[in-house]
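Just so it is clear: chains get the letters A, B, ... in the order the sequence lines come, proteins before strands, and each one is counted from 1.
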Amino acid sequence: MKLATWNVNSLAVRLPQVLDWLAANPVDALVLQETKLTDDKFPHAEFAAAGYAAQWHGQKTYNGVALLSRSPALDVVRNIPGFDDEQARLIAGTVDGPLGPVRCIGGYFPNGQAPDSDKFVYKMRWLDALHDWVRAEMAAHPNLVLMGDFNVAPEDRDVYDPVAWAGQIHCTPEERAQFQRLLALGLTDAFRLFEQPPKSWSWWDYRNLAFRKNQGLRIDHILVSPALKPRVAACGIDKLPRKNERPSDHAPVVVELTAS
DNA sequence: ATGGCTCTAATGTAGAGA
């Protein structure tokens with residue numbers, strides 16, 4: 001069973017690339033971030049024609065998330081229950097597969113803008129609410145995957161220039177502590193279960209030839225629950241879509257789970 | 001050099017992203 005996450009930075013612009021990617025990478029489920037579409041504009045018919053059921057939660061201009069799956073997702077949740085949020089940042093659903101039901105949570109975590117900003121305060125509140133809700137979800141769903149654009153680089157090795165980025169947004173001690181709190185729930189960063197190429201990033205700035213110079217951050221993650229950890233067969237970042245014409249600034253992250 | 005590029009609202013320009 002393969003699951004993936006991809007911040008597409010506008011699904012209106014990137015739909016052809018997402019369809020191409022799914023044709024080449026027929027994953028069982030894919031969560032999208034930054035769709036930037038109101039719900040009436042979501043291209044569910046195009047995904048249905050490609051063999052994917054869709055659940056979505058969007059808004060105008062900013063944010064927006066979706067969950068695509070081969071078999072339709074059940075018990076779908078939009079945004080963090082109990083956390084009043086005007087921004088469309090989370091979707092969850094249960095996807096059936098060879099391992100039985102898997103709870104798939106896709107999140108577009110707040111950017112935070114700057115450590116001294118109101119948006120950083122919101123990011124911390126959002127992460128607090130996520131932590132408490134994920135704990136409850138893990139109790140209800142042993143097979144659980146939390147994936148998405150976390151907007152956190154967990155360690156210095158996830159940053160192309162850790163000295164320049166020290167204390168900057170995505171790299172502050174507060175954000176990294178929030179990432180560790182999620183791990184402390186029993187979740188595992190699937191990417192780090194394997195040897196990976198050094199300087200592995202999931203995002204590269206559009207500016208300054210950052211992709212060509214491989215100057216990026218690893219901020220898109222897939223965390224798995226204890227029951228799934230021994231089932232993780234592979235996890236990697238697919239840089240190919242970043243080489244396309246008009247690419248997203250993020251690359252997809254993929255995890256493979258085996259039944260035995 | 002605090003920008004660089006890309007997206008959205010728009011149709012000139014500004015805010016956000018990371």
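A/R14 and A/Q17 form no side-chain donor-acceptor contact under 3.5 Å, judged by distance and modelled atom types alone.
Nucleotides B/dA1 and B/dA14 are separated by 25 Å at their P atoms, to the nearest Å. Rounded to whole Å, the P atom of B/dC5 lies 25 Å from the corresponding atom of B/dA10. A gap of 29 Å separates the C1' atoms of B/dT2 and B/dT11, to the nearest Å. Here the separation of B/dA18 from B/dG12, taken at their C1' atoms, is 26 Å to the nearest Å.
Contact check on A/R125 versus A/D128 returns no salt bridge, with no Lys/Arg side-chain nitrogen under 4.0 Å from an Asp/Glu carboxylate oxygen. Using a 4.0 Å cut-off between a side-chain N of Lys or Arg and a carboxylate O of Asp or Glu, A/R192 and A/D158 qualify as a salt bridge. A/D249 and A/R242 are not joined by a salt bridge, as no carboxylate oxygen comes within less than 4.0 angstrom of a charged side-chain nitrogen. Contact check on A/D156 versus A/R176 returns a salt bridge, with a Lys/Arg side-chain nitrogen under 4.0 Å from an Asp/Glu carboxylate oxygen. Note on A/D189 versus A/R218: salt bridge recorded, some NZ/NE/NH1/NH2 to OD/OE distance being below 4.0 Å.
A/L32 pairs in a side chain to side chain contact (heavy atoms under 4.5 Å, CB included) with only one of the listed residues (A/L67, A/L11, A/T5, A/D149), which is A/L11.
Residue contacts shown for A/D220 are absent, as no nucleic acid heavy atom lies under 4.0 Å away. Residue contacts shown for A/I219 are limited to sugar-phosphate atoms, with no base heavy atom under 4.0 Å away. Using a 4.0 Å heavy-atom cutoff across all strands shown, A/F109 reaches no nucleic acid atom at all.
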- request: Any chance you could list the contact pattern along nucleotides 3-15 of chain B? Use B for base contacts, S for sugar-phosphate-only contacts and - for none, protein heavy atoms under 4.0 Å, 5' to 3'.
  value: -BBSSSS------

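Judged by the 6.0 Å distance and 45° axis criteria, A/R89 is not positioned over the aromatic ring of A/F109.
Between B/dG17 and A/N63, no contact under 4.0 Å exists linking OP1 or OP2 to a side-chain N or O.
Using a 30° and 60° split on the angle between ring planes, A/W203 and A/H250 fall in the tilted class, from 30° to 60°.
Proximity of residues 158-183 of chain A to DNA chain B (heavy atom under 4.0 angstrom from any strand atom) is restricted to A/H170.
Atom-to-atom, NE2 of A/H250 to C1' of B/dA18 comes out at 7 Å; the value is rounded to the nearest Å. Atom CD of A/E34 is separated from atom P of B/dG17 by 8 Å (rounded to the nearest Å). The separation between A/K123 atom NZ and B/dG17 atom C1' is 11 Å, rounded to whole Å.
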